[in-house]
Amino acid sequence: MSDQLTLPAELREGVGKGASRALRRDGRVPAVIYGGNKEPLGIHIEAKEVTKMLQTGHFMNSVVELTVGKDKHRTLPKDVQFHPVTSRPIHIDFFRLEKGATVHVQIPVRFVDEEKSKGMTRGGVLNVVRHDLDLVCDAASIPDEIVISLAGLDIGDSIHVSAVDLPKGASNEVDRDYTIATLVAPSAMKSQDDAAEEEEVAADEVPATEQADDADGDEAEGEDKGE
């Protein structure tokens, strides 16, 4: 489960582009806390701290407790805007979490047990269709990742979301049994199979045509002799 992160924050006094630019020049990131049937709250946080958390790769799936003065706000990051040139965070939206709240999150998948997969040991290639799963989770128990075993899979097999053991309290947000990954044959194996099929077709078709021609020739000779 993702650990809860904590960030100190301060209230934003000014609004508008000018005030936001001034905050960014001072090494701060403008942000807003919204949701929970309460008024949105404008804040700003330390850019270095946010950048450090973003680099972990789990920031968007982590509960972040924002301390604003004496108040603490339990939130989930919902959107981060980045500068188009420097890629620095320039604005963040935090969704306020109520007690017992559920959230929609995208959780990365990780595949294990390659050595227990017949298809992988034969040189098969894992074609990952979805690198993240869309799940509904309890805000207090958001998993860091979903681990999927490849044990027993052979070339041509597929992994669907219905076959994945989801953490307790998590459910599939998408109402269909979508494919997460497939195990396909390597290019070399496909080329060999295709060549073998072409040889089989040639071997079946060519003799049959020659036999037909010979048969026609025999009939023609018989007619000539008869005449």
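Starting from 1, each residue takes its place in the sequence as its number. Keep in mind that this is a model prediction, so the values were computed, not measured.
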Check: If Ile, Leu, Val, Met, Phe, Trp and Tyr residues are connected whenever their side-chain heavy atoms lie under 4.5 Å apart, and connections chain through other members, are L66 and L11 in the same group?
Finding: yes
Item checked: Joint cluster assignment, V109 & V164, ILVMFWY side-chain distance < 4.5 Å -> yes
Check: Taking atom CG of D26 as the centre, does the number of heavy atoms from other residues, nucleotides or ligands within less than 6.0 Å exceed 12?
Finding: yes
Margin query: Quick check: do T75 and E65 have side-chain heavy atoms less than 4.5 Å from each other?
Written below: no
Check: L153 and I159: side chain to side chain contact (heavy atoms under 4.5 Å, CB included), yes or no, with the steps?
Finding: CA-CA 9 Å; L153 291 183; I159 304 172; 3.6 Å; yes
Please tabulate, one pair per line, all N/O donor-acceptor pairs under 3.5 Å involving side-chain atoms of residues 41-50, not counting sequence neighbours.
residue	atom	partner	partner atom	Å
H44	ND1	R28	NE	2.9
H44	ND1	R28	NH2	3.4
E46	OE1	R28	NH1	3.3

Notebook entry, point to check: With a distance cut-off below 6.0 Å to the six-membered ring centre and an angular limit of 45° from the axis, does R130 pair with Y178 as a cation-pi contact?
Noted result: yes
Note to self: Please give me the minimum heavy-atom distance between S62 and L5, naming the atom from each residue.
What the structure shows: CB-CD1, 3.9 Å
Notebook entry, point to check: So how far is it from L183 CG to N127 CG, rounded to the nearest 0.5 Å?
Noted result: 9.5 Å
Note to self: Looking at every heavy atom in both T179 and S158, which two are closest together, and how far apart are they?
What the structure shows: CG2-CB, 4.4 Å
Notebook entry, point to check: Taking C-beta and beyond as the side chain, do I107 and D134 meet within less than 4.5 Å on heavy atoms?
Noted result: no
Notebook entry, point to check: Quick one: are C137 and L166 in side-chain contact, heavy atoms under 4.5 Å?
Noted result: no
Next item on the list: Go through the steps to decide whether H73 and V68 satisfy the test side chain to side chain contact (heavy atoms under 4.5 Å, CB included), and finish with yes or no.
Entry: CA-CA 8 Å; H73 303 266; V68 186; 3.9 Å; yes
Margin query: Distance check, rounded to the nearest 0.5 Å: H131 atom NE2 versus I180 atom CD1?
Written below: 12.0 Å
Notebook entry, point to check: Donor-acceptor pair, S149 side chain versus A151 backbone, under 3.5 Å?
Noted result: yes
Notebook entry, point to check: Nearest 0.5 Å, what's the CD1-CE distance between I155 and M120?
Noted result: 9.5 Å
Checklist line | pair P89-L54: side-chain heavy atoms closer than 4.5 Å | finding: yes
Note to self: Counting C-beta onward and ignoring hydrogens, is there a side-chain heavy-atom pair between N61 and D144 closer than 4.5 Å?
What the structure shows: no
Notebook entry, point to check: At what distance, to the nearest 0.5 angstrom, does CE of M53 lie from CD1 of I92?
Noted result: 9.5 Å
Notebook entry, point to check: Shortest non-hydrogen contact from P108 to D132?
Noted result: CA-OD1, 3.3 Å
Next item on the list: Go through the steps for D157 and T182 under the test side chain to side chain contact (heavy atoms under 4.5 Å, CB included), then give the verdict.
Entry: CA-CA 6 Å; D157 291 341; T182 58; over 6 Å; no
Notebook entry, point to check: If only atom types and distance count, is the side chain of T102 paired as donor or acceptor with the main-chain N or O of V136 below 3.5 Å?
Noted result: no
Next item on the list: Using modelled atom types only, decide if a donor and an acceptor are shared between the side chain of T121 and the backbone of K118 within a distance under 3.5 Å.
Entry: yes
Margin query: Is there a path of hydrophobic side-chain contacts, each under 4.5 Å between heavy atoms, that joins V174 and I146?
Written below: yes
Margin query: Hydrophobic clusters here meaning ILVMFWY residues chained together by side-chain heavy-atom distances under 4.5 Å, can you tell me if V128 and L135 are in one?
Written below: yes
Checklist line | Evaluation steps, salt bridge (charged side-chain N to carboxylate O under 4.0 Å, His left out), between D138 and K168 | finding: CA-CA 9 Å; D138 187 317; K168 184 178 179 181; over 6 Å; no
Next item on the list: Count the heavy atoms of every other residue, nucleotide or ligand shown that sit under 6.0 Å from CD of E13, and state whether that count exceeds 12.
Entry: no
Next item on the list: Can you measure from CZ (F94) to CD1 (I33) and round to the nearest 0.5 angstrom?
Entry: 7.5 Å
Notebook entry, point to check: Can you find a heavy atom in the side chain of K72 that is under 4.5 Å from one in the side chain of T6?
Noted result: no
Notebook entry, point to check: Mind checking whether R12 and V32 have side chains closer than 4.5 Å, heavy atoms only?
Noted result: yes
Notebook entry, point to check: How about Q106 and L133: do any of their side-chain heavy atoms sit closer than 4.5 Å?
Noted result: no
Margin query: To the closest 0.5 Å, what do you measure between CD1 (I142) and NE2 (H58)?
Written below: 12.5 Å
Note to self: If hydrophobic clusters are built from ILVMFWY residues whose side chains come within less than 4.5 Å, do L7 and I90 share one?
What the structure shows: no
Check: How close do M60 and L76 get, heavy atom to heavy atom, and via which atoms?
Finding: O-CD1, 4.0 Å
Next item on the list: Examine distances only and state if a side-chain atom of H83 and a backbone atom of V85 form a donor-acceptor pair shorter than 3.5 Å.
Entry: yes
Next item on the list: Measure across S87 and F82 and return the closest heavy-atom pair with its distance rounded to 0.1 Å.
Entry: O-CD2, 3.2 Å
Next item on the list: Assess whether side chain to side chain contact (heavy atoms under 4.5 Å, CB included) is satisfied between E39 and Y34, documenting all intermediate values.
Entry: CA-CA 7 Å; E39 289 293 322; Y34 71 98; over 6 Å; no
